[in-house]
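Notes follow the structure.
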Amino acid sequence: MMNPPPLLVTCGLPYTNGPCHLGHLRTYVPADMYVRYMRRAGEEVVFVCGSDNHGTPIVVSAEEAGTSPRALSEKYHKHFDESFKRMNVIFDRFGMTDDPATHHRTQAIISELQKKGYIYNQVVHQAYCTKCKRFLPDRYVEGICPHCGRPARGDECDQGCGKHLEPGEIKDPVCKVCGTKAEFRDQEHYFFRLSEFKDFLLPYLDQLRGTNNAKNYAIGWIKDELHDWCITRTLEWGVKFPGRDDLVVYVWVDAPIGYIAFTEEWAKANGKDWKRYWCGENRVTHFIGGDIIYHHCIFWPALLKGAGYGVPHAVVASGMVKVDDHKFSKSRGYVVWTNDDYLDKGLPADYLRYYLLAYTSHTKELNFSWKVFGERINNEVVNIFGNFVYRTLYFAQKEFAGIPPGTIDPAIIAEIEKTLATVDQLMRDYEFKGAVDAIMALAAFGNTYIQTNAPWKLIKTDRAAAAQVVKNCVQIAKALAILIEPVMPDTAQRCWRQLGYFDQVAAHPISDATCPVPEACIEPPTTLFVKMEDTQITELDALLQRRVAEANKKTEKIPVVTFEEFQKLDIRTGKVLSAELVPKSNKLLKLMVNIGTETRQIVAGMQQFYQPGEMVGKDVVVVTNLAPAKIFGIESNGMILAAGDAASLLVPVKPVEPGTKIR
RNA sequence: AGCGAGGUAGGGUAGUCAGGAUAUCCCGUCGGGCUCAUAACCCGAAGAUCGAUGGUUCAAAUCCAUCCCUCGCUACCA
């Protein structure tokens, strides 16, 4: 059998318009662990990543900051590069998608796709801001939904009926940046014939390696119809579309192409051939966040296939990160910044790496809380792992001035081998938590072993037997140092040094875990870890709580409306004539309400708070000139006012006739 | 609504793909041991109708069906 192709591991590219946070690390730390492990399991691995610099948000952020997109990108590029290094996430190449390699490779791929007929052009309506003098990507247009009449974004009626809006559909478009009324202009765009790749993608995804969340999600999409994909934008910033100075390619085209370009950059600097990684059979493994599965499992393989490159071998998608059991959200304050909140507080990278890897399976949601962080670090890392190594070496040094001579008990070697086999299988299945657990189980085994064999007792009667127990324990400690390196590289190295070795633990293959430790003198050991103090945890947590509280205040800020705007609303009292549950809905009630001049049918989301029976006969407050909407297929002509999440109804205190105007 | 992921002792979490005998681990509670060690470690106990119902099977947390609950996603948005 031929040697398998080398492994190329990539991480989803961080976008250069904000700093590094836990959400990033949830993908990068496991990828780094995987790379470290696979290298030491004897694989040839290249690990590349880079920053993603293009797209409208960066242009807008740069304008707001009074700088250029390139300068902004460079600032955050440097930030990510440093943050990853501080976390011991070490790439062979960390590039930028705005560097020449990505521009060049993107244009080469687009040209190739054009040559093969996979790209066509088409004129589309697009919102244009006359003040900013540019076309507005859909996210930067606001207007009125043509379906329900409520405010909507350019691409979707996000506050109203939730319908997807095609370019040109939105009414009264306004530039979100400057507030000027936008107009529609015709603009030629280029489309990728994604729809032609359906027959390729289904069998491809079926055999795709990686985590099944990625695979399932993508297969689900494919079963629906695949639309062709608009791959150009009217922007200055980005990779120029070949032959068109006024268009750049969509950022989601050049971002993954960065993976190839960064490999090229690495290969050039190291005298290697990048084609070995990207052309033909390969083992390209993408580590990504769960939010970008679509791009990596559908667009990207189709692009590569169409342009004649090899397609990815595996996609490993991480689950989402929660903070204090809340959805990760920068605007709501549920965020942990890698530098400000963690590393700059003097906390070790190893602790966070451990937490991220050991909390749960890679594809499940990971909750971060300082309290749990402190508990797990102290109980598992410090007490079980750290204490075993320390008590072993302390006793060895005290009683034997180091590691005693002798051979290792075969049962101990067998135990280590069992751990090695388990870890290896789990790592190849991308089950990082399982692998960490197996390593910790070996540490727990060590504690049980030393406890049951009590060399501190034995030594009083049988010094040789005590030496044997110690020797076995040291062997376990050695195995632990070797195994824990992909998880906690700094700790592993410290542990390695304490075992009397002067070289790098990372230079040793995993299989060295069963190589007997020789007799040696060692220095008195120091504790491997410092415990997390309760006061420290409380302080860190308080900082987070303060940020959440401040964010809450900010979100409460609401825009001022003029009296004229207020007067547009026609609010009247009404009497509920009948109420019934809307079938298949668990929130909606269908109400008939007398508003004086007429009886209206109104659908209201208050089923969980009011029985239909108790609604009948109630005087309620109704917005009568709200645009009609269809909810669950039932027409609703107005809105009943209620306060708060529990929908406390607003009712007139003194009796009034139905239809009385509210001012 | 559609799609996806989850629902396992007081909290958290593994096991579910490849069905089997006392359902894992961490914390917490209770009892004991040890004292080499960072008040750490070891042993034991209590505590789970494995979301519900029905089915397949000698055997179901695990497979199938239906339902309930929670969360996420729904593409020209990076």
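None of the values given here were measured: they were computed from a predicted structure.
Both A/Phe529 and A/Lys364 lie near RNA chain B, and the one whose nearest nucleotide falls closer to the 5' end is A/Lys364. Where A/Ile231 and A/Asp429 meet RNA chain B, the nucleotide closest to each residue was compared, and A/Asp429 sits on the side nearer the 5' end.
Look at A/Tyr390 and you'll find a side-chain N or O under 4.0 angstrom from OP1 or OP2 of B/U38. OP1 or OP2 of B/C41 lies within a sub-4.0 Å distance of a side-chain N or O belonging to A/Asn383. At B/A5, none of the side-chain N or O atoms of A/Thr363 fall inside 4.0 Å of OP1 or OP2 (strictly under the cut-off). Within the 4.0 Å cut-off from OP1 or OP2 of B/C73, at least one side-chain nitrogen or oxygen of A/Lys327 is found. Of the side-chain N and O atoms in A/Thr360, one or more sit less than 4.0 angstrom from OP1 or OP2 of B/A14.
B/C69 sits 16 Å from B/G51 when the P atoms are compared, rounded to a whole Å. Nucleotides B/U8 and B/U56 are separated by 28 Å at their P atoms, to the nearest Å.
Remark: the backbone N or O of A/Arg209 is not paired with any side-chain donor or acceptor of A/Lys215 at under 3.5 angstrom.
Taking only side-chain atoms of A/Thr448, from C-beta outward, the nucleotide of B/C34, B/C41, B/C42 with the closest atom is B/C42. Distances from the side chain of A/Arg391 to the nucleotides B/C41, B/G72, B/C27 place B/C41 closest. Listed candidates were B/C27, B/C76, B/C71. Nearest to the side chain of A/Glu365 is B/C71. Here the side chain of A/Gln451 is nearest to one of B/G12, B/C36, B/C27, namely B/C36. Looking at the side chain of A/Cys230, the nearest of the listed nucleotides B/C76, B/C73, B/C43 is B/C76.
Counting only Watson-Crick and G-U wobble pairs whose two distances sit under 3.5 Å, RNA chain B takes part in these stems of three or more pairs: B:1-7 with B:68-74, B:10-12 with B:25-27, B:29-33 with B:41-45, B:51-55 with B:63-67.
Aromatic stacking is not marked for A/Phe395 over B/C36, as the cut-offs of 5.5 Å for the centres and 30° for the planes do not both hold.
Within the 4.0 angstrom heavy-atom criterion, only backbone atoms of the sugar-phosphate kind lie near A/Asn447; the bases stay farther away. Residue A/Met320 is in sugar-phosphate contact alone, with no base atom involved, counting any heavy-atom pair closer than 4.0 Å across all strands shown. At a threshold of 4.0 angstrom between heavy atoms, the contacts of A/Ser361 are confined to the sugar-phosphate backbone, with no base atom among them. Across all strands shown, A/Val251 has heavy atoms under 4.0 Å from sugar-phosphate atoms exclusively, and none from any base. As judged by a 4.0 angstrom heavy-atom cut-off over every strand, A/Asp437 is placed among residues making no nucleic acid contact.
Not less than 6.0 angstrom separates the ring centroid of A/His295 from the ring centroid of A/His286. Ring pair A/His21/A/Phe368: centre-to-centre distance not below 6.0 Å.
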Check the pair A/Thr102 / A/Thr97 against side-chain hydrogen bond (donor to acceptor under 3.5 Å, both in side chains), numbers first and verdict last. CA-CA 5 Å; A/Thr102 303; A/Thr97 58; 5.7 Å; no

Any chance you could lay out the side-chain hydrogen bond (donor to acceptor under 3.5 Å, both in side chains) test for A/His189 and A/Thr232, step after step, and finish with the verdict? CA-CA 6 Å; A/His189 277 285; A/Thr232 48; 2.7 Å; yes

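In this structure, the side chain to side chain contact (heavy atoms under 4.5 Å, CB included) partners of A/Ile412, at least two apart in sequence or on a different chain, are A/Ile408, A/Asp409, A/Ile416, A/Phe445, A/Tyr449, A/Asn472, A/Ile476.
Atoms CZ and CD1, on A/Arg193 and A/Ile231 in that order, are 11.0 Å from each other to the nearest 0.5 Å.
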